[in-house]
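Written out below as structure tokens is the structure these notes cover.
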Amino acid sequence: MTNKKFYVTTAIDYVSGEPHVGHAYQKIIADVLARWNKIQGKDVFFLTGTDEHGQKISKAAEKAGKSEKEFVDELSKKFKQAWKSLNLDYDRFIRTTDKDHEEKVQEFIKLMNKKGDIHKGKYSGLYCVDCEAYVTEKDLVGGKCPFHPNKELTELSEEAYFFKLSKYQNKLLELYEKNKKYILPKFRRQEIINRVKEGLKDLNITRTNFSWGIPFPLDKKHVTYVWYEALLNYITGIDWPSKKFKKFWPADVQLLGIDNSWFHCVIWPAMLMSVGIKTANTILINGFLTFNSQKISKSLGNVISPIALEEKYGADSIRYFVCRNFVFGQDGDFSEQALIDRHNNELANKLGNLVSRVTSLAEKYGIEKTKNKLIKKLKLKKIENYFENYELDKILNEIFAFIDVCNEYVQSKKPWETHDKKVLYELVDSIKAIAILLWAFIPETSEKIAKQFNFKIDYNEIEKPLKVEKIKKEGILFEKI
RNA sequence: AGCGGGGUGGAGCAGUCUGGAGUGCUCGCAGGGCCCAUAACCCUGAGGUCGCGUGGUUCAAAUCCCGCCCCCGCUACCA
């Protein structure tokens with residue numbers, strides 16, 4: 001944590017469907033990382049957005065009776081609204097249909113071509129005429145197209161352009177070896193290494209059977225393959241190759257779901273190596289969530305909008321829950337009951353009630369500056385270390401353990417009997433530290449606390465003694481559900 | 001098939017890498033305390049052979065090694 005800048009990116013979501021908690025989970029974590037670095041005084045850039053090209057979208061738009069542009073505009077807006085409702089403070093929401101992205105992708109391709117890493121070849125596979133698309137082996141149902149089981153598939157072969165991915169096998173393995181934190185968590189790293197060792201094929205990066213995409217600059221008959229182009233958002237989003245790019249790149253953390261780890265851990269760094277751009281510092285892979293123990297899927301009808309959840313539970317409770325309840329990297333279950341339990345017990349009863357009882361007492365009896373001995377129980381170093389390893393659940397565990405300590409302190413010191421202003425000062429000053437540490441996770445709540453006690457949310461303020469002022473109790477922080 | 005993850009008191013999870021009394025968290029259950037506070041807060045207790053071998057290493061294993069069983073993911077041109 002010595003850099004003065006911090007650049008974090010998330011996966012850009014494919015707008016073939018609506019946003020759900022799985023998407024939200026990852027964005028929230030990115031926001032927490034961004035905010036944590038902000039209060040450390042760093043210059044932070046947080047990029048998120050939507051991925052909007054490709055045949056699937058083209059087809060979905062057609063089905064909805066809309067133009068592709070109309071279709072993606074609508075969905076992209078929904079993602080934006082969802083992130084707004086969760087209080088995500090991103091710096092840019094990139095869309096792969098943004099003009100600057102499209103232009104820069106073409107520049108990038110030309111550059112890669114100059115490096116000699118693009119060649120023309122033949123792509124062949126099983127083609128479904130009714131879908132007008134290739135069917136991958138995995139999607140085959142009884143050897144047939146899953147959507148048209150009565151039609152025979154034809155072995156088709158067409159002209160395509162390829163990126164010389166195979167050339168980078170050893171360089172990639174070197175990268176994983178040299179930068180042990182390139183892929184996190186560790187078990188994902190091992191997974192990727194094993195697969196890369198099995199060998200890499202060149203990657204087909206163009207299509208000719210549809211047109212909803214970025215024109216391939218080397219050959220007008222071709223459209224750039226979505227994946228290849230979408231990956232570039234991480235550098236086009238900060239105006240590669242401008243000054244801004246030079247300031248923020250390489251990204252400190254790129255958050256991704258397990259579904260696209262292959263692209264981000266293998267193809268993406270190879271692309272950068274090809275044109276001589278540094279690779280990111282860390283690719284951080286989050287696990288997948290189920291919702292109330294069910295897979296999140298359209299067919300099960302449980303794609304709950306993050307906006308609906310926010311209206312029901314509030315942004316801070318959702319943010320808190322996803323950071324606290326899941327071990328980062330592993331899969332987890334977003335259970336509404338568990339969310340409610342944590343909201344009631346941890347946010348309302350522990351944190352909310354602590355603030356409530358202390359403000360009441362402080363308002364009645366006042367506070368008097370003294371050395372805060374209570375705060376020694378707060379293990380700041382430990383918390384900072386956890387952050388280095390992105391162990392958000394443990395950070396919250398640690399902070400809430402300190403909240404327990406504060407509640408015990410109130411209990412044992414009985415300030416309602418003693419009217420001890422110094423004890424109350426210690427408590428208020430400790431709550432200040434708690435609120436600052438929690439800001440990245442539950443910004444609204446932290447700001448409410450800061451307003452009552454009149455301090456600034458800044459990491460350096462944790463160790464500065466609180467200025468004594470008149471305290472006035474305001475409303476409750478968390479209503480119970 | 002290959003690779004990976006999981007199997008811990010009634011429920012859901014941490015803890016396993018870096019071995020040290022079964023420790024912890026959120027609940028549930030049984031008792032008590034407090035009255036400042038959101039019927040919140042605090043204390044005490046019951047409850048587990050940490051998937052199986054009754055395997056190996058060790059003074060010591062939930063943690064390391066070996067074997068087995070059961071769940072769940074991933075396997076590139078699908079974004």
Side-chain angles (χ1 to χ4, degrees), chain A residues 11-17 50-57 96 123 125 133-139 160 162-163 165 185-198 200-207 225-231 257-263 265-267 287-288 290 293 295 324-327 329-333 335 337-338 341-342 344-365 391 393-394 396-397 400-401 404 406-419 424 427 473 475-480:
Chain A
I12 51 173
D13 300 304
Y14 200 59
V15 290
S16 63
T50 43
D51 182 8
E52 308 186 354
H53 288 128
Q55 188 172 29
K56 215 166 162 180
I57 283 171
T96 54
Y123 175 74
Y134 288 96
V135 186
T136 56
E137 222 167 284
K138 187 183 153 198
D139 290 331
F162 287 83
F163 162 48
L165 181 62
K186 269 189 262 174
F187 67 88
R188 296 293 178 205
R189 171 174 177 267
Q190 204 45 52
E191 225 169 68
I192 295 289
I193 290 175
N194 290 341
R195 282 177 62 196
V196 170
K197 279 184 180 161
E198 286 168 19
L200 296 174
K201 286 190 269 180
D202 289 345
L203 181 76
N204 171 0
I205 57 169
T206 66
R207 295 289 186 275
Y225 174 46
V226 241
W227 255 118
Y228 175 88
E229 162 250 304
L231 287 167
I258 178 62
D259 54 337
N260 40 34
S261 63
W262 178 258
F263 281 87
C265 297
V266 180
I267 296 167
F288 262 16
T290 49
S293 301
K295 242 182 190 176
R324 174 68 185 81
N325 201 53
F326 308 121
V327 182
Q330 290 187 11
D331 291 350
D333 181 44
S335 133
Q337 191 52 53
D341 284 348
R342 288 202 187 269
N344 287 340
N345 291 303
E346 294 167 25
L347 293 176
N349 291 350
K350 285 177 189 274
L351 174 60
N353 187 51
L354 173 68
V355 173
S356 175
R357 67 202 298 209
V358 170
T359 32
S360 279
L361 291 163
E363 183 177 359
K364 238 181 271 177
Y365 308 119
E391 296 174 298
D393 57 316
K394 290 188 185 150
L396 289 172
N397 212 5
F400 274 74
D404 285 344
C406 292
N407 269 320
E408 286 160 30
Y409 197 68
V410 178
Q411 197 69 26
S412 65
K413 292 285 177 185
K414 302 187 195 307
W416 59 88
E417 270 176 34
T418 64
H419 305 184
L424 290 172
L427 284 162
K473 185 170 177 176
I476 271 170
L477 292 177
F478 297 94
E479 296 284 348
K480 285 206 223 171

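- Atom CZ of A:F400 is separated from atom P of B:U26 by 10 Å (rounded to the nearest Å).
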Using the side chain to side chain donor-acceptor pair (under 3.5 Å) rule, take A:N407 and A:Q411 through it: C-alpha gap first, then chi angles, then the decisive distance, then the call. CA-CA 6 Å; A:N407 269 320; A:Q411 197 69 26; over 6 Å; no
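- Across all strands shown, the partner of B:G53 is B:C66, judged by Watson-Crick or G-U wobble contacts whose two distances both fall under 3.5 Å.
- Of all non-hydrogen atoms in A:L165 and A:V266, the two that sit nearest each other are CD1-O, 4.3 Å.
- Only the P atoms considered, B:A40 is 35 Å distant from B:A21, to the nearest whole Å.
- Across B:G56 and B:C66, the matching C1' atoms stand 7 Å from one another, rounded to whole Å.
- The partner of B:C13, taking Watson-Crick or G-U wobble pairs whose two distances both stay under 3.5 Å, is B:G24.
- Between the CG atom of A:L203 and the P atom of B:C78 there is a distance of 11 Å, given to the nearest Å.
- Not one N or O on the side chain of A:Y409 forms a donor-acceptor pair closer than 3.5 Å with the backbone of A:D404.
- Residue A:F478 is classed as a base contact, given a heavy-atom separation below 4.0 Å to a base.
- In this structure, A:N204 contributes its side chain and A:T206 its backbone to a donor-acceptor pair below 3.5 Å.
- Among the nucleotides B:A14, B:G12, B:C36, the one closest to any side-chain atom of A:V327 is B:A14.
- Partner of A:L424 under the side-chain contact (heavy atoms from CB on, under 4.5 Å) criterion, out of A:L361, A:T418, A:V410: A:L361 alone.
- At the heavy-atom level, A:S360 lies under 4.0 Å from the strands shown only through sugar-phosphate atoms.
- With both ends at atom C1', the span from B:G32 to B:U54 equals 42 Å, rounded to whole Å.
- Listed pair A:K394 / B:C25 fails the phosphate criterion, with no side-chain N or O lying under 4.0 Å from OP1 or OP2.
- Taking the C1' atoms as reference points, B:A62 lies 14 Å from B:G6, given to the whole Å.
- When Watson-Crick and G-U wobble pairs are counted only if both distances are under 3.5 Å, B:A1 pairs with B:U75.
- In this entry the distance linking CZ of A:R188 with C1' of B:U75 reads 13 Å, nearest Å.
- For A:F326 and B:G12, the CZ to C1' distance is 11 Å, given to the nearest whole Å.
- Note: CZ (A:F263) to P (B:U75) measures 10 Å, nearest angstrom.
- Distance from the side chain of A:D404 is smallest for B:C42 among the nucleotides B:C42, B:C78, B:U38.
- A donor-acceptor pair is defined here as one N or O able to donate and one able to accept, closer than 3.5 Å; no such pair exists between the side chain of A:D13 and the backbone of A:T50.
- Between B:G73 and B:U26, the distance separating the two P atoms is 31 Å to the nearest Å.
- Residue-level contact check: A:A348 touches the bases, meaning some heavy atom is under 4.0 Å from a base atom.
- Looking only at distances, a side-chain donor or acceptor of A:T359 sits under 3.5 Å from a matching main-chain atom of A:V355.
- Nucleic acid contact class of A:I57 (heavy atoms, under 4.0 Å, all strands): none.
- When distances run from any side-chain atom of A:R342 to the nucleotides B:U26, B:U75, B:U38, the shortest one goes to B:U26.
- At a threshold of 4.0 angstrom between heavy atoms, the contacts of A:N204 include nucleobase atoms, whether or not backbone atoms are also involved.
- Remark: the separation of the P atoms in B:C50 and B:C35 is 43 Å, to the nearest Å.
- For B:C3, the OP1/OP2 oxygens have no side-chain nitrogen or oxygen of A:K197 closer than 4.0 Å.
- Atom CG of A:N349 and atom P of B:C36 are 18 Å apart (whole Å).
- When heavy atoms are screened at a 4.0 angstrom cut-off, A:E417 is found touching the sugar-phosphate backbone but no base atom.
- Of the candidates B:U38, B:G33, B:U26, the closest approach to any side-chain atom of A:Q411 belongs to B:G33.
- Partner assigned to B:A46 is none, using Watson-Crick or G-U wobble distances below 3.5 angstrom.
- When each of A:P415 and A:K56 is assigned the nucleotide of RNA chain B with its nearest heavy atom, A:P415 is the one assigned upstream, toward the 5' end.
- Here the nucleotide nearest the side chain of A:I476, chosen from B:U38, B:A76, B:U26, is B:U38.
- Across all strands shown, A:G352 has heavy atoms under 4.0 Å from base atoms, whether or not it also approaches the sugar-phosphate.
- When Watson-Crick and G-U wobble pairs are counted only if both distances are under 3.5 Å, B:U18 pairs with no nucleotide at all.
- As a whole-Å value, the separation of A:W262 CH2 from B:C78 C1' is 15 Å.
- Using a 4.0 Å heavy-atom distance criterion, A:V410 is classed as a base contact.
- Distance A:L361 CG to B:A40 C1': 13 Å, rounded to the nearest Å.
- OP1 or OP2 of B:U38 lies within a sub-4.0 Å distance of a side-chain N or O belonging to A:K473.
- A:N407 comes within contact range of the sugar-phosphate backbone alone, with a heavy-atom separation under 4.0 Å but no base atom that close.
- Taking atom C1' in both B:G47 and B:A39, the straight-line distance is 27 Å, to the nearest Å.
- Taking a 6.0 Å sphere around NZ of A:K473, one finds it holds more than 12 heavy atoms contributed by other residues, nucleotides or ligands.
- Comparing B:C42, B:U38, B:A76 by their closest approach to the side chain of A:N353 singles out B:U38.
- Contact annotation for A:I267: no contact, since no heavy-atom pair falls under 4.0 Å across all strands.
- Side-chain proximity of A:N397 to B:C25, B:C36, B:U26: nearest is B:C25.
- The side chain of A:R195 approaches B:C74 more closely than any other nucleotide in the set B:C74, B:C77, B:U38.
- B:A40 is unpaired under the criterion used here, namely a Watson-Crick or G-U wobble arrangement in which both key atom distances are under 3.5 Å.
- When distances are taken from the side chain of A:D341 to each of B:A76, B:U38, B:U26, the shortest belongs to B:U26.
- Taking a cutoff of 4.0 Å between a charged side-chain nitrogen and a carboxylate oxygen, A:E391 and A:K394 qualify as a salt bridge.
- The separation of B:G10 from B:A46, taken at their C1' atoms, amounts to 12 Å, rounded to a whole angstrom.
- Between A:K480 and B:A40, a side-chain N or O to OP1/OP2 separation shorter than 4.0 Å is present.
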